[in-house]
Amino acid sequence: MGIDLGTSYSCVSIVENGVPIVIPNEWGERTHASAISFTQNGKVIVGNDAKKLMVTNPLNTIFAIKRLIGRFFFAEEVQKARGSMPYRITEGSNHSVEIRVGSGRFSCPEISALVLQEMKNIVERYVGQKVTRAVITVPAYFNDNQRQATKDAGQIAGLDVLRIINEPTAAALSYGFGQGYHQRVVLYDLGGGTFDVSILDIGDDVFEVMSTAGDTYLGGEDFDDRIIDWLTDTVEQQQVVELRGNPTAQQKLRDAAEKAKIALSTQETVDIHVPLLYTDSLGYSHDFDTTLSRTEFSQMVMDLVQRSFKVCDEALQSAQLTASDIDCVILVGGPTRLPIIQSSVQHYFQRPPLTTIHPDEVVAMGAAIQAHALINHQQATYLLDVTPLTLRLGTVGGYTEKIIDKNTPVPVDRTKCFSTASDNQERVRIRVYQGESNLASENVLLGELEFTGFRVAQRGDVTIEVTFEIDNDGIVNVSAVDTETGARACLTVNLGSSMSEHDVKIAQQRNVQLSSGAI
Amino acid sequence: MTEDPNVHPHWAAETKAIARNLARLDYFQVLGVTTEASHDELKCKYHQLLRNYHPDSFFISPDQELKEAVKAIAKRVTEAYVTLRNPQKRRQYTEDIQGPYRQQRLRYTEQRESEIRRDSTVGETTQGRQLWLKALAAIRAGNYADAERDLQTALIFEHSNTSFQAKLNEIRTLRMSQPPQQ
């Protein structure tokens with residue numbers, strides 16, 4: 001199966017008789033809210049039903065976990081979420097992020113696993129047998145920590161994760177599969193929480209990613225936030241009430257904002273109605289009503305739209321192309337239905353974007369095609385993807401040096417030699433980063449690695465050769481050998497977000513208990 | 001060892017042999033093209049090789065050694081293509097593999113690139129910088145005697161420049177180990 005694990009919505013697809021199809025749940029819904037609600041009576045509800053509980057059960061309904069997965073607690077995005085999310089986010093061990101639900105503590109991969117499990121259940125209900133092998137998609141601009149955490153989530157959900165692939169690449173695969181195209185295409189992928197642009201050169205059965213760029217802080221939810229802020233300001237100006245610290249009111253506004261945004265895709269103006277939003281000094285509850293026009297909304301989000309084109313500039317530049325070299329522009333993700341996005345994209349690329357593909361389903365279908373290709377020997381597509389971020393090594397004085405450039409096709413490896421700096425040195429420590437800055441502090445730390453178990457000798461006598469590899473999942477692997485003896489050095493990760501095998505096992509058991517309602 | 005039933009044993013053995021030999025090949029040899037190959041030729045060759053050696057095609061292969069071999073080839077083929085499709089890198093790389101450090105420079109890395117960038121900014125005086133660049137050009141052309149002389153002169157202008165001194169020492173060792181062929 002192919003799973004599009006989205007910030008706001010997820011979708012699952014399988015290949016049947018050589019054609020990818022989206023699997024609906026038992027109520028015929030084809031996309032499912034990536035929301036999990038822990039109810040008072042100990043039940044765990046996942047999907048669109050959980051999203052409906054966001055208003056009545058705000059503290060125990062988790063959504064948009066993808067914005068937090070694979071990040072350290074001290075990351076800016078996490079701190080921002082602590083202020084805006086109604087559920088509780090606390091610091092776990094090793095600077096990880098923990099979600100508190102009642103007395104329970106959950107890691108981000110554990111929460112994501114519940115969504116993945118629901119996708120697995122939907123497929124199994126449809127085909128009537130156990131299905132475990134899956135390809136899961138991630139934003140192209142996800143770093144190693146985020147990819148690893150997503151893979152962990154899949155394992156916790158009891159999936160055999162065949163591959164992690166990039167969302168725009170999956171979309172391109174779904175677009176070009178079996179069509180015999182020879183085209184340069186741009187994927188403009190605006191999801192719920194992330195934005196990616198990829199440029200691909202499709203040559204019949206070869207799908208070569210030329211460049212990718214993105215912004216993991218830009219998505220449809222930021223568009224909602226603009227409406228929420230505007231609504232909050234409007235209400236607070238008219239009434240003496242405080243809405244910002246009230247989780248129930250915030251959820252009602254969030255709900256209203258998303259609905260208004262979607263309505264503005266087809267209407268010029270929308271009437272916004274928020275029931276029982278605030279309570280006056282006498283204790284009476286009041287509804288709130290207002291209207292929002294498409295023009296007003298466009299003004300609110302213009303800077304967000306502009307930001308997306310900065311990213312497009314970057315992708316074109318990396319591929320050494322200009323907008324006129326592009327043969328086709330494909331829109332991916334629900335928010336691309338907004339007229340402001342469609343008209344701006346048309347203006348930027350000087351051509352109307354393709355409208356024949358389904359922006360919510362195309363990614364899952366591409367993932368299903370890839371899953372099918374991996375487990376069948378008769379491979380019909382050749383994917384050549386790239387690493388989105390520069391891999392770096394920490395050096396003295398808080399600087400870094402490049403090991404593998406961004407937009408280098410994967411899999412890829414580089415080796416670097418290190419000599420011991422003092423007599424009888426027993427360990428060599430390196431820090432690995434991803435990002436585009438020479439300064440270590442401006443990049444994302446992937447981990448601190450320590451090599452031991454090589455010969456102990458005078459300084460400079462021992463050289464260890466360290467190999468950095470980025471695999472097909474976009475995940476970084478590091479290994480080291482003593483060049484003289486050929487002995488493999490032991491590697492310990494001192495700081496890193498990935499879970500150990502043991503952690504994953506424990507989480508798997510917890511996941512099974514949770515799904516059966518035992519916790 | 002488990003054999004892959006989907007591939008010919010002969011092909012599997014050949015693939016493993018190619019993988020073992022990779023360390024000895026330069027990028028042109030890896031892609032099977034001449035140093036004069038055009039961009040289209042490179043791309044065509046790259047796609048053709050990847051259709052044969054794409055790791056995904058062997059995802060379920062029971063032959064672990066074959067999987068590793070295919071992956072190693074795919075990685076090196078891609079590395080070769082990515083370097084050679086960039087005209088600047090291609091020029092530098094071609095020069096590198098024709099020079100005295102061929103064996104160490106069969107792979108073009110980000111480190112090599114920053115080394116080259118660093119090299120172009122070495123020196124604090126105008127004369128020192130000019131002589132340094134002249135020496136580097138001489139090394140590339142194989143005129144080590146000229147390079148040695150240029151570096152010695154450069155050291156007169158900047159007698160404590162460690163880069164000049166290090167390069168000079170390097171040249172001297174090189175000249176001792178490889179006597180000039182007249």
Side-chain angles (χ1 to χ4, degrees), chain A residues 133 135 162-163 165 173 182 201-210 319-320 369-387 390-393 395 399-417 438 467-473, chain B residues 4-8 19 22-23 39-40 42-63 66-89 104 106-118:
Chain A
R133 290 188 291 189
V135 167
L162 302 173
R163 176 70 51 86
I165 69 168
L173 201 53
H182 285 269
D201 198 349
I202 303 178
D204 193 11
D205 53 353
V206 179
F207 292 70
E208 186 186 343
V209 180
M210 300 179 78
Q320 296 178 314
I369 293 171
Q370 179 68 4
H372 186 74
L374 285 175
I375 54 180
N376 290 282
H377 182 74
Q378 287 307 318
Q379 167 97 4
T381 54
Y382 301 94
L383 258 192
L384 307 164
D385 217 324
V386 299
T387 176
T390 302
L391 187 72
R392 293 170 179 275
L393 188 69
T395 56
Y399 288 93
T400 60
E401 67 174 278
K402 271 188 195 179
I403 297 290
I404 300 174
D405 239 331
K406 67 172 175 179
N407 288 320
T408 301
V410 293
V412 57
D413 67 52
R414 293 278 187 276
T415 53
K416 188 174 165 59
C417 293
N438 279 329
T467 302
F468 301 85
E469 189 199 26
I470 304 182
D471 63 18
N472 276 310
D473 294 335
Chain B
D4 189 333
N6 290 310
V7 300
H8 196 281
L22 279 177
H39 178 81
D40 285 344
L42 287 176
K43 184 168 170 169
C44 182
K45 210 62 210 236
Y46 172 55
H47 282 189
Q48 190 192 322
L49 283 165
L50 265 161
R51 283 190 181 105
N52 290 333
Y53 300 106
H54 197 296
D56 285 359
S57 309
F58 301 87
F59 191 77
I60 48 167
S61 171
D63 186 343
L66 178 66
K67 278 175 83 161
E68 288 299 322
V70 165
K71 191 171 161 193
I73 295 171
K75 283 198 284 198
R76 196 56 63 87
V77 163
T78 307
E79 187 178 308
Y81 172 65
V82 171
T83 308
L84 298 183
R85 76 174 167 192
N86 177 321
Q88 229 173 321
K89 288 182 187 170
Q104 292 95 295
L106 286 174
R107 297 182 67 185
Y108 189 83
T109 64
E110 279 75 1
Q111 277 157 269
R112 176 78 187 119
E113 212 168 305
S114 56
E115 219 173 273
I116 291 159
R117 212 173 309 123
R118 238 188 347 258

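Heavy-atom basis, side chains included; hydrogens, waters and symmetry copies ignored. In what follows, chains are A, B, ... by sequence order, proteins preceding strands, each numbered from 1.
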message = Can you tell me which portion of A:Gln320 sits under 4.5 Å from chain B's heavy atoms? Options are side chain, backbone, both or neither.
response = neither
ask   = Which distance, rounded to the nearest 0.5 Å, do you find between the CD1 of B:Ile60 and the CG of A:Leu162?
value = 10.5 Å
message = At a 4.5 Å cut-off on heavy atoms, which part of A:Thr390 comes close to chain B: side chain, backbone, both, or neither?
response = neither
Considering only distance and modelled atom types, tabulate donor-acceptor pairs under 3.5 Å from the side chains of residues 76-84 of chain B, sequence neighbours left out.
residue	atom	partner	partner atom	Å
B:Thr78	OG1	B:Ala74	O	2.6
B:Glu79	OE1	B:Arg107	NH2	2.9
B:Glu79	OE2	B:Tyr27	OH	2.6
B:Glu79	OE2	B:Arg107	NE	2.9
B:Thr83	OG1	B:Glu79	O	2.8

task = State plainly whether the residues A:Arg414 and A:Glu401 are in salt-bridge range, i.e. N to O under 4.0 Å.
result = no
key: Pairs of heavy atoms under 4.5 Å with chain B: top-ranked of A:Asp471, A:Ile375, A:Asp413   = A:Asp413
ask   = Between A:Thr415, A:Val412, A:Val410, A:Leu384, which has the largest tally of heavy atom pairs under 4.5 Å with chain B?
value = A:Leu384
ask   = Does B:Arg51 pair with A:Asp205 as a salt bridge, N-O distance under 4.0 Å?
value = yes
key: Under the side-chain contact (heavy atoms from CB on, under 4.5 Å) test, residues paired with A:Asn472 that sit two or more places apart   = A:Arg163, A:Pro411, B:Pro55, B:Asp56
request  = Pick one of side chain, backbone, both or neither for B:Arg112, based on which atoms fall under 4.5 Å of a heavy atom in chain A.
outcome  = neither
